[in-house]
Amino acid sequence: MKNILLTLTVLLAVMGAGAGLLPATPAQAADMASLPVVAPAISCDALGHIDLAPAVGAAVHGRKAAVLQTPKGKFCKVTGQIAPAISFEVDLPMEHWTQRFLLGGCGGLCGMTRVGVSNAGACAPALNGEFVMAGDDMGHTGSMTGLAQGEFGKDPQKRIDFAYRANHVTTLAAKALMAAFYGQAPKYSYFVGCSDGGREALMEAQRFPDDFDGISAGAPAALFTVQNSFYHAWNVRGNQRADGTSILLQGRVSVLHDAVIRHCDTLSGVKDGILEDPRTCHFDPAWVRCPVGQSDTAHCLTAEETQAAVRLYAGATDASGHPYIIGGPLPGSELQWALPATAHGESMSNGIAASAIAYVIAAQVDEKAADLTRFRFDDASFARMSELAPLYNAENTDLHAFHKRGGRLILWHGLADQSISPLNTIAYYQGVQREMGVEETESFLKFYLLPGVGHCGNGEGFPQIDFLSPLMGWTETDTVPAVIRTERTAQGREPMGPPPGSHDRPPAGGRIHMAPMPSQPYAQPNATATASRPVYPYPYIARYTGAGDVNDARNYRPVKSPVSLPMTFTSHATPLIGPDNQKQYGVRDDRLVAESAK
């Protein structure tokens, strides 16, 4: 009864607050089930001898099991390799397993095996080490940055494993290990990922709806084939002169950002520099162009810089201006732009696009394509980059099977994300609504946009957020996450570029992805919050009530965004979003072959 009343209260708040009926309580929806601890039925050593091949459907080599001592107790750490080359790790609690399993997604093009979970710093079971946790390297080993990160694409089977197979077979292996170790399956299974991990999360819901009960997909690179080619290649080429030098540099974006904040309404009722919905901000970079003949450009942009900014906001287009991508970075994201520090420096977009275009996205490997000056923004290139969309992209809007088995999905994106435009995720969400209907979609999918938050974190907004707790509450006790608390910390406001005065600098051109967390089978606790703000399911935004501390989430209520109606997206990429757009692939005669529709 308590859960029903709580759910009704928060739903009435969200639905009625636009008319001032009832303020929402910005409490974290974390009323998860209380599950008893299950002890191991066999020893950790014995677990290392379990034959996983029947459960996985492939040979499993190099299995090892060893006791892992941690501050949260002992775990049985099992490692191995699923044929042909998917390295995995599963850490099983030996003292306090509360019948839950979690697989964490991998970022970038992966290439490393780590166990852990992000956005769970207030989730008691995750903090206490009560989950079986697993991770895998997506079928290949290598650097997460640089041109070499994509070389696995030379092997067609590794493309399939990266696209969708690796996480699925790792899940099968982990569940077989749990059945053997504890004598039972997990009561609840979860997947949490951001960036490519967000793509992987959606891929699980779309291709393997029985794998997980609850899924959190953050900033998903779901339009993988477009994102890692046209989007990032344009970030490089749209900001270059004919001689290849870069125009707009890291040290100049604050001119743009400050002008955006001066011009645009925050919509929150607080002038704090955070845009609740930057889609309402209609900003023209020409407004900060230096007057003709002015030599002091400290607080304005040159004509050349202004045009570069226009191109970056707009995103990749053909010669006539028709867009190839769904959207570029939104106003307010400027401090997150991973631009070169110098005219001759490289941005991280260069490394992402060069590696993906040369080795991964196109059906045929072409190492010369790593030279982005060869890339053409035309229909022929788009067709070539989209040939394997049914393999890589996670844009299938048909989630009926996931919904039918009782799955819950939290979808989220930072509005200051410059690496993956949040417009992509809005377009996907609207696609699911068109396919399944608004009411059915809302019954199992909640979508949140985080004002001022960059790619998977950082930024000027409130990037510290626990999505796992509300996901568990929704999955286990049907407590609808109608409002979630987000926080700002002293450590969380840095832009994605190099920190000032740092001698241990990230790669030239800024840091697009958050630094990997240490591999460990439990969550890291949240840092001390300096301010908080609620977020509500799309299309609601937070508005200050006019009373109390503006840094306290309790003093805000939900109102509908002025851009609450469905957006219309017209681009070459838009038709890639829809139902029945994925295929199963196999390898024949060393070639990648589409075998059947999903």
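The chain is numbered in sequence order, starting from 1.
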Peer 1: Only one of Trp412, Phe467, Tyr429 clears ring pair (Phe, Tyr, Trp, His ring centres under 6.0 Å) with Phe447; which?
Peer 2: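 Among Trp412, Phe467, Tyr429, the one that satisfies the ring pair (Phe, Tyr, Trp, His ring centres under 6.0 Å) with Phe447 is Tyr429.
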Peer 1: Would you indicate whether the side-chain heavy atoms of Ser443 and His403 approach each other to under 4.5 Å?
Peer 2: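 Touching, per the 4.5 Å side-chain cut-off.
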Peer 1: Does a side chain donor of either Tyr359 or Gln149 reach within less than 3.5 Å of an acceptor in the other side chain?
Peer 2: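 Short answer, no.
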Peer 1: Start with the C-alpha gap between Ser189 and Lys175, add the side-chain angles, then the distance that decides, and say whether side-chain contact (heavy atoms from CB on, under 4.5 Å) holds.
Peer 2: CA-CA 9 Å; Ser189 297; Lys175 290 184 176 181; 3.6 Å; yes
Peer 1: Between Arg408 and Asp478, does any NZ, NE, NH1 or NH2 come within less than 4.0 Å of an OD or OE carboxylate oxygen?
Peer 2: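 Arg408 and Asp478: salt-bridged.
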Peer 1: Could you list all the side chain to side chain donor-acceptor pair (under 3.5 Å) pairs where at least one residue sits in residues 124-133, not counting sequence neighbours?
Peer 2: Thr98-Glu130, Asn128-Glu130
Peer 1: Show me the pairs that pass salt bridge (Lys or Arg N to Asp or Glu O under 4.0 Å) and involve residues 101-111, at least two apart or across chains.
Peer 2: none
Peer 1: Would you list the pairs meeting disulfide bond (SG atoms under 2.5 Å apart) in which at least one residue belongs to residues 186-229, sequence neighbours left out?
Peer 2: Cys194-Cys456
Peer 1: Is the closest side-chain heavy-atom distance between Val559 and Tyr536 below 4.5 Å?
Peer 2: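 A side-chain contact under 4.5 Å is absent here.
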Peer 1: Using salt bridge (Lys or Arg N to Asp or Glu O under 4.0 Å) as the criterion, list what pairs up with Glu387, not counting sequence neighbours.
Peer 2: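 By the salt bridge (Lys or Arg N to Asp or Glu O under 4.0 Å) rule, Glu387 matches no residue at all.
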Peer 1: Quick one: closest heavy-atom pair of Ser355 and Gly150, and the distance?
Peer 2: OG-N, 2.8 Å
Peer 1: Thinking salt bridges, do Arg199 and Asp196 make one under a 4.0 Å N-O criterion?
Peer 2: yes
Peer 1: Where is the tightest heavy-atom contact between Met138 and Asn167, given as atom of each residue plus distance?
Peer 2: SD-ND2, 3.7 Å
Peer 1: Just by distance, no angles: are the side chains of Ser561 and Ser564 close enough, under 3.5 Å, to form a donor-acceptor pair?
Peer 2: no
Peer 1: Is a donor on one side and an acceptor on the other found under 3.5 Å between the side chain of Gln336 and the backbone of His455?
Peer 2: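 Checking the backbone N and O of His455 against the side chain of Gln336, no donor-acceptor pair under 3.5 Å is found.
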Peer 1: For the atom pair CD (Glu89) and CG (Asp137), what is the distance rounded to the nearest 0.5 Å?
Peer 2: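 So the CD of Glu89 and the CG of Asp137 are separated by 11.5 Å.
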Peer 1: Distance from Leu103 atom CG to Asp136 atom CG, nearest 0.5 Å?
Peer 2: 6.0 Å
Peer 1: Is there a donor-acceptor contact under 3.5 Å from the side chain of His413 to the main chain of Leu450?
Peer 2: no
Peer 1: Please test Leu202 against Leu411 for side-chain contact (heavy atoms from CB on, under 4.5 Å), starting from the C-alpha separation and ending with a verdict.
Peer 2: CA-CA 9 Å; Leu202 291 180; Leu411 184 64; 4.3 Å; yes
Peer 1: Once rounded to the nearest 0.5 Å, what's the spacing between atom OG1 of Thr170 and atom CD1 of Ile86?
Peer 2: 6.0 Å
Peer 1: How far apart are the C-alpha atoms of Glu487 and Phe462, what are their side-chain angles, what is the distance that settles it, and do they pass the side-chain contact (heavy atoms from CB on, under 4.5 Å) test?
Peer 2: CA-CA 5 Å; Glu487 297 173 333; Phe462 299 79; 5.6 Å; no
Peer 1: Centre of Tyr556's six-membered ring, under 6.0 Å away, within 45 degrees of the axis: is that where NZ or CZ of Arg485 sits?
Peer 2: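 Output no; distance or angle outside limits.
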Peer 1: Are the aromatic ring centres of Phe191 and Phe208 under 6.0 angstrom apart?
Peer 2: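 Phe191 vs Phe208: aromatic centres not under 6.0 Å.
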Peer 1: How long is the straight-line distance from CD of Gln418 back to CE of Met348, given to the nearest 0.5 Å?
Peer 2: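 Met348 atom CE to Gln418 atom CD measures 9.5 Å (nearest 0.5 Å).
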Peer 1: Please enumerate all residues that pass salt bridge (Lys or Arg N to Asp or Glu O under 4.0 Å) together with Asp213, with sequence neighbours excluded.
Peer 2: Arg405
Peer 1: Strictly under 6.0 Å, is that where the ring centroids of Phe75 and Trp97 end up?
Peer 2: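 No; Trp97 has its ring centre 6.0 Å or more from that of Phe75.
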Peer 1: For Arg165 and Ala58, which heavy atoms make the closest approach, and how far apart are they?
Peer 2: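 Of all heavy-atom pairs spanning Arg165 and Ala58, the closest is NH2-CB, 3.6 Å.
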Peer 1: What heavy-atom pair brings Tyr231 and Ser421 nearest, and what distance separates the two atoms?
Peer 2: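 In this case the closest contact between Tyr231 and Ser421 is OH-N, 4.0 Å.
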Peer 1: Within this structure, what is the CD1-CE distance for the pair Ile410 and Met472, rounded to the nearest 0.5 Å?
Peer 2: 11.5 Å
Peer 1: Report yes or no: does Glu476 contribute a side-chain atom to a donor-acceptor pair with the main-chain N or O of Ala33 at less than 3.5 Å?
Peer 2: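 A pair under 3.5 Å: yes.
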Peer 1: Just jot down the salt bridge (Lys or Arg N to Asp or Glu O under 4.0 Å) partners of Arg279, sequence neighbours excluded, or say none.
Peer 2: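 Only Asp277 meet the salt bridge (Lys or Arg N to Asp or Glu O under 4.0 Å) criterion with Arg279.
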Peer 1: In terms of the angle between their ring planes, are Phe212 and Phe101 parallel, tilted or perpendicular, with boundaries placed at 30° and 60°?
Peer 2: parallel
Peer 1: Checking side-chain contact (heavy atoms from CB on, under 4.5 Å) for the pair Gln582/Met203: CA distance, chi angles, key distance, verdict?
Peer 2: CA-CA 10 Å; Gln582 293 171 324; Met203 195 71 85; 3.4 Å; yes
Peer 1: Do you know the tightest heavy-atom contact between Thr425 and Pro220?
Peer 2: OG1-CD, 3.7 Å
Peer 1: Strictly by modelled atom types, are Asp211 and His168 linked by a side-chain donor-acceptor pair under 3.5 Å?
Peer 2: yes
Peer 1: Is the shortest heavy-atom distance from the side chain of Tyr448 to the side chain of Thr486 under 4.5 Å?
Peer 2: no
Peer 1: A side-chain contact here means heavy atoms from C-beta on lying under 4.5 Å apart; do Ile274 and Glu460 qualify?
Peer 2: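 Answer yes - side chains close enough.
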Peer 1: Can you give me the closest heavy-atom contact between Asp466 and Ala120, atom names plus distance?
Peer 2: OD1-CA, 3.4 Å
Peer 1: Would you indicate whether Glu439, at its atom CD, is surrounded by more than 12 heavy atoms from other residues, nucleotides or ligands within a distance under 6.0 Å?
Peer 2: no
Peer 1: As an exercise, state the distance from CD of Glu395 to CG of Asn581, rounded to the nearest 0.5 Å.
Peer 2: 7.5 Å
